[in-house]
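Here's the structure, in structure tokens; my notes come after.
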Amino acid sequence: MIVGMHNGHYVFTQLCRFLPKRAFDCLVDKYEGNKYVKSFTCWNHLLVLIFGQLSNRESLRDLIGILDAHKKKFYHLGFGKSVTRSNLSKANEVRSIDVFEKFSLKLIDCIKSNNTQIVDLETDSNIYAFDSSIITLCINTFWWAKQRKGTGGIKLYTLYDIKNQIPTFNVITDQLTSDCTLMDIIPYETNAFYLFDKAYVSTPQLYAINLIDAFFVVRKKQNMKYKVLTDKNYNNPQTGIMADQIIIFTSRIAQKGYPDKLRSVVYYSKELKTTFSFLTNNLDITAEEVATLYKYRWNIEIFFKWIKQHLRIKEFYGTSENAVKIQIFSAIITYCLVTIMKHELKIKVSTYEILRILSLSLFERMPIENLFNNNDTQINYQNDTQLCLNFF
């Protein structure tokens with residue numbers, strides 16, 4: 001915890017002190033982020049974007065309108081001398097994306113180095129889920145976005161750390177990019193588990209994971225041809241495991257991509273009343289553990305839903321590709337910042353509740369931990385924005 005953080009400072013200022021500014025300045029120097037800049041620096045730019053995320057500002061006009069009402073606070077908030085529509089818009093247009101992307105990775109490293117495992121799993125191995133989410137864009141406004149079925153958009157690819165509940169690796173592409181091609185740039189770790197949906201069944205990429213002694217669990221496609229080498233005749237109605245087999249591909253293309261043997265596990269979910277077929281290269285864990293591992297993949301689906309609902313990655317402060325990407329990385333930075341603050345101050349409430357409280361408390365002059373340690377603030381909020389109606 002940062003000692004003497006309060007001292008009459010705004011809650012927003014106290015929160016931003018958890019950011020490693022020296023690391024950010026090094027990135028700015030490396031990518032010449034402040035070249036030809038007179039007043040509105042990269043640091044000012046970042047803090048304004050974080051403020052926009054935390055205060056839930058929906059547009060550039062909305063954000064500037066709120067800031068104009070608090071011009072006297074700019075120095076203490078770290079926004080610089082002036083924030084206008086023109087200088088913020090220009091910064092979004094020309095600033096290097098690398099500064100924000102690499103800084104988000106720095107914050108992720110900070111979280112992982114603290115060993116803040118939120119989900120306690122039986123295995124000591126790291127577990128990651130990889131998937132993408134499409135962010136739809138209006139093609140008339142975002143003219144650069146490539147169309148698919150008449151709709152513009154981009155894809156956010158994320159490698160999600162299940163144990164630490166953080167997005168450890170993020171890539172933004174156009175929506176026409178094939179999912180399998182992104183598997184080549186994932187930073188794999190030895191002995192870690194990687195969870196994929198069936199869209200990522202690409203035998204060369206899966207075999208590459210196998211060669212570095214890492215493990216994968218992926219949904220099997222229905223039309224895959226293979227030969228059963230060993231069949232355990234597994235059928236357990238209590239656990240839902242219907243089959244556990246050792247297989248090898250028989251089709252020429254699949255066998256060329258993955259020439260080694262694999263494991264096929266079939267699981268029936270009583271809750272969903274659906275049968276799931278998995279492929280994995282781990283031959284040692286139980287079939288039940290294979291099915292349990294894949295259940296954790298839903299954490300990344302929840303993350304995508306959460307970040308779209310509670311941070312600003314659907315409405316943007318600029319229309320250029322550069323502005324959109326900077327805002328998405330600023331959302332990830334904000335998510336990581338709140339996670340770091342939650343760990344350092346040992347806050348018990350959920351991240352969603354923290355954002356709800358911060359959105360109305362950024363200009364308060366009180367110790368930031370008092371916002372969350374007070375029992376009156378620990379309200380059991382709904383985890384969605386839907387209005388519930390009870391009819392009698």
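Counting begins at 1 with the first residue of the sequence. Since we're looking at a predicted model, the values are computed, not measured.
Remark: the His45 side chain and the Asn87 side chain contain no N/O donor-acceptor pair separated by less than 3.5 Å. Judged purely by distance below 3.5 Å, without hydrogens or angles, the side chains of Thr168 and Lys112 never pair a donor atom with an acceptor atom. Side chain to side chain, Asn44 and Thr41 meet the donor-acceptor criterion of an N or O pair below 3.5 Å. Side-chain contact, Thr84 with Ser86: a donor N or O sits under 3.5 Å from an acceptor N or O. A donor-acceptor pair shorter than 3.5 Å can be found between the side chains of Asp231 and Gln245. No hydrogens or angles considered: nothing links the side chains of Asn236 and Tyr267 as a donor-acceptor pair under 3.5 Å.
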Would you give me the side-chain donor-acceptor pairs under 3.5 Å for residues 69-78, sequence neighbours excluded?
residue: His70; atom: ND1; partner: Lys73; partner atom: NZ; Å: 2.9

Atom pairs and distances, donor-acceptor, side-chain atoms in residues 183-196, under 3.5 Å, two or more places apart:
residue: Tyr188; atom: OH; partner: Met183; partner atom: O; Å: 2.8
residue: Glu189; atom: OE1; partner: Asn126; partner atom: ND2; Å: 3.0
residue: Glu189; atom: OE1; partner: Tyr128; partner atom: OH; Å: 3.3
residue: Glu189; atom: OE2; partner: Tyr128; partner atom: OH; Å: 2.7
residue: Thr190; atom: OG1; partner: Ile212; partner atom: O; Å: 3.4
residue: Tyr194; atom: OH; partner: Glu189; partner atom: N; Å: 2.6

Enumerate donor-acceptor pairs with a distance under 3.5 Å from any side-chain N or O in residues 32-39 to protein atoms, sequence neighbours excluded.
residue: Asn34; atom: OD1; partner: Cys42; partner atom: N; Å: 2.9

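A parallel orientation is assigned to the rings of Phe278 and Phe276, their planes being inclined by less than 30° (bins at 30° and 60°).
Ring-centre distance between Trp306 and Tyr352: not below the 6.0 Å cut-off. Taking the ring centroids of Phe216 and Tyr200, they lie at or beyond the 6.0 Å cut-off. Annotation: Phe363 is in aromatic contact with Phe51 [ring centroid separation under 6.0 Å].
Ile340 and Val349 fall within a single hydrophobic cluster, where Ile, Leu, Val, Met, Phe, Trp and Tyr are joined by side-chain heavy atoms under 4.5 Å apart, directly or via other members.
By the 4.5 Å heavy-atom criterion applied to side chains, Phe329 and Ile97 are counted as neighbours. Looking at Lys30 and Lys102, their side chains never come closer than 4.5 Å, going by heavy atoms from C-beta outward. Side-chain contact between Arg263 and Val290 is present, with heavy atoms from C-beta onward closer than 4.5 Å. A heavy-atom distance below 4.5 Å is found between the side chains of Phe12 and Ile50. Between Asn281 and Leu206, the closest side-chain pair of non-hydrogen atoms is not below 4.5 Å. Put simply, the side chain of Leu67 does not reach to within 4.5 Å of the side chain of Leu88, judged on heavy atoms. Side-chain contact between Thr158 and Phe303: present, with at least one pair of heavy atoms (C-beta onward) separated by less than 4.5 Å.
A distance of 10.0 Å separates CD1 of Ile166 from CG of Leu107, quoted to the nearest 0.5 Å. In this structure, the separation between CD1 on Ile328 and CD1 on Ile172 is 4.0 Å, given to the nearest 0.5 Å. Rounding to the nearest 0.5 Å gives a distance of 11.0 Å between OG1 of Thr136 and CZ of Arg148. To the nearest 0.5 Å, atoms OH (Tyr160) and CD1 (Ile300) are separated by 8.5 Å. Interatomic distance, Lys163 NZ to Asp124 CG, rounded to the nearest 0.5 Å: 6.0 Å.
By the 6.0 Å contact criterion, CG on Leu211 is enclosed, its count of non-hydrogen atoms from other residues, nucleotides or ligands being greater than 12. For CH2 of Trp298, the number of neighbouring non-hydrogen atoms (other residues, nucleotides, ligands) closer than 6.0 Å is 12 at most. Crowding of Lys155 atom NZ: a count of heavy atoms from other residues, nucleotides or ligands under 6.0 Å exceeding 12.
Every side-chain hydrogen bond (donor to acceptor under 3.5 Å, both in side chains) that Glu271 has, sequence neighbours left out, goes to Ser269. In this structure, Asn235 has no side-chain hydrogen bond (donor to acceptor under 3.5 Å, both in side chains) partners at least two apart in sequence or on a different chain. Take Asp131 and apply the salt bridge (Lys or Arg N to Asp or Glu O under 4.0 Å) test, not counting sequence neighbours, and it matches Arg297.
Scanning both residues, Leu283 and Leu262, for their nearest heavy atoms gives CD2-C, 4.4 Å.
Proximity of a side-chain donor or acceptor of Tyr317 to a complementary backbone N or O of Arg57 within less than 3.5 Å is detected.
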Original post:
Can Tyr157 and Asp179 be said to form a side-chain hydrogen bond (donor to acceptor under 3.5 Å, both in side chains), step by step?
Top reply: CA-CA 9 Å; Tyr157 286 89; Asp179 291 337; 2.6 Å; yes
**OP:** Step by step, work out the side-chain hydrogen bond (donor to acceptor under 3.5 Å, both in side chains) result for Lys308 and Ser133.
**Re:** CA-CA 10 Å; Lys308 284 183 176 181; Ser133 181; 2.7 Å; yes
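Judged by a 6.0 Å distance limit and a 45° cone about the ring axis, Arg365 is positioned over the six-membered ring of Tyr10.
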